[in-house]
Amino acid sequence: MFPQKLVVAVVGATGAVGREMLKTLESRNFPGTEFKAFASARSAGTKLPFNGGELEVQELTERSFEGVDLALFSAGGSTSEKFAPYAVASGCVVVDNSSAWRMDDRCPLVVPEVNAHALKNHKGIIANPNCSTIQMVVALKPIHDAARIKRIVVSTYQAVSGTGHKGISELEAQVRQLFNMQEPEVKVYPHRIAFNCLPHIDVFLENDYTKEEMKMVNETVKIMEDPDIRVSATCVRVPVFYSHSESINIETEQKITAKEARAILSQAPGVAVCDNPSLNIYPLAIDAAGEDDTYVGRIREDNTIPNGLNMWVVADNIRKGAALNAVQIAEELLNQNLLHIDELKTFLD
Ligand code: A2P
């Protein structure tokens, strides 16, 4: 079923997500016959542990994709914009974790539990959605199928690892400085993140929302394939290292009780219901860290409207929110026999 020769590259392999991509390929026994690691010139020669040995990081260039069949990108939007078209032109299928291609009509935006069928239209680049969007749609698609969601109001509590290594280092350094009675250095975020919450992720747009908030609005509609779903989002960075948490309120067309929602979600792919408030059991960021599932709890009816539900949704933003989802897309490409590109020049116009 799998090709005899399958050369797989990770672009941005030294980053927080890139390292997790390598770990995920390894732990899921992804059937590559050769693996390559690319990053910037700064990291060339760095050795990364892989499959019991090491991969030597190479500088990413326009020619890096010769002989590569599949590349998982997580090296920022500008790197994807510049290099993904070269990959496609040399016949390499790209799964891109940046926001560069997500809203491009030529690129499917895929969460395998939700819309794996969208892969069949790919033209070489498949986009991996924003981390906050992925866990939200994994939890909401089964409810949408059962009762049709009309409106979503979501507030996020997002970990610093969403900003990559530099976010993790900033929180670590500030906590150390504060415990040593030193003035914390503010370098990565506009304000101190240690013991603080910042209602500001990515840049502010003309409509006063942040780009992160608008990603949740637009990507949800594209992945759920329903232009009528309205989404209102507030995205907040919190001093947590791994896992994003989300408070989600939905209004549905048909009535769905909390009990019915719990039953539906307990059968849903990629979801783990964790909901026993009398025993203080609900999803926690520290429990979700390092895990694959999207955890859902605090499921309860919203008594202010006829058809409303509230829930608390938590997932590891580096795993399901990024690396794992990308590797699952790659596995789907293999399973659906879609690891080929029919129009090699599509992205180089
Ligand atoms: P490098 O480590 O050489 O800077 P994170 O999001 O954790 O900061 O990781 C970003 C990843 O993207 C790193 O692997 C980083 O490599 C890589 N990267 C950043 N800019 C480029 C570039 N211009 N070309 C290739 N890789 C890049």
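Note that ligands are numbered from 1 as they come in the structure, with each ligand's atoms numbered from 1 the same way.
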Original post:
Less than 4.5 Å apart, any side-chain heavy atom of I193 and any of V188?
Top reply: no
Original post:
Hey, are the side chains of R230 and K150 touching, using non-hydrogen atoms and a 4.5 Å cut-off?
Top reply: yes
Original post:
K141 versus E113: any side-chain heavy-atom pair under 4.5 Å?
Top reply: no
**OP:** Would you give the length of the straight line joining atom SG of C131 to atom CG of N317, rounded to the nearest 0.5 angstrom?
**Re:** 5.5 Å
Original post:
Charged N to carboxylate O under 4.0 angstrom, E20 versus R319?
Top reply: yes
Original post:
Just one of V296, T257, I299 clears the side chain to side chain contact (heavy atoms under 4.5 Å, CB included) bar with R262, so which one?
Top reply: I299
Subject >> Under-4.0 Å heavy-atom contact with ligand 1, by part of T14 that carries it >> reply: both
**OP:** Please write down residue, atom name and distance for the protein heavy atom closest to atom 18 (N) of ligand 1.
**Re:** A75 CB, 3.8 Å
Subject >> Taking every non-hydrogen atom, the tightest pair across I143 and A139 >> reply: CG1-O, 4.0 Å
Subject >> T79 neighbourhood, listing ligand 1 atoms whose heavy-atom distance to it stays under 4.0 Å >> reply: 20 (N), 21 (C), 22 (C), 23 (N), 24 (N)
Subject >> Per-residue contact class, S74 against ligand 1 - non-hydrogen pairs under 4.0 Å >> reply: backbone
Subject >> For A13, atoms of ligand 1 separated by under 4.0 Å from a heavy atom >> reply: 14 (O)
**OP:** Provide, to 0.1 Å, the distance between atom 7 (O) of ligand 1 and the closest protein heavy atom, together with that atom's residue and name.
**Re:** A16 N, 2.9 Å
**OP:** Would you check whether T163 has a nitrogen or oxygen atom less than 3.5 angstrom from a nitrogen or oxygen atom of ligand 1?
**Re:** no
Subject >> Protein residue, atom and distance nearest to atom 9 (O) of ligand 1, heavy-atom basis >> reply: G15 CA, 3.2 Å
Original post:
With a 4.5 Å heavy-atom cut-off, do W312 and C274 have their side chains touching?
Top reply: no
Original post:
Does even one non-hydrogen atom of R42 get within less than 4.0 Å of ligand 1?
Top reply: yes
Subject >> Shortest protein contact, atom 8 (O) of ligand 1 (heavy atom only) >> reply: H165 N, 4.0 Å
Original post:
F73 and F65: ring-ring contact (aromatic ring centres under 6.0 Å, His included), yes or no, with the steps?
Top reply: CA-CA 12 Å; F73 272 63; F65 303 97; 5.7 Å; yes
Original post:
Which option out of S40, G167, G12, A37 puts a heavy atom nearest to atom 26 (N) of ligand 1?
Top reply: S40
Original post:
Salt-bridged, K222 to E219, with N to O below 4.0 Å?
Top reply: no
Original post:
Considering distance alone, does some N or O of F83 sit under 3.5 Å from an N or O of ligand 1?
Top reply: no
Subject >> Part of A41 with heavy atoms under 4.0 Å of ligand 1, whether side chain, backbone, both or neither >> reply: neither
**OP:** Please write down residue, atom name and distance for the protein heavy atom closest to atom 6 (O) of ligand 1.
**Re:** G164 CA, 3.8 Å
Original post:
Which protein heavy atom lies closest to atom 1 (P) of ligand 1, and at what distance to 0.1 Å?
Top reply: S43 OG, 3.3 Å
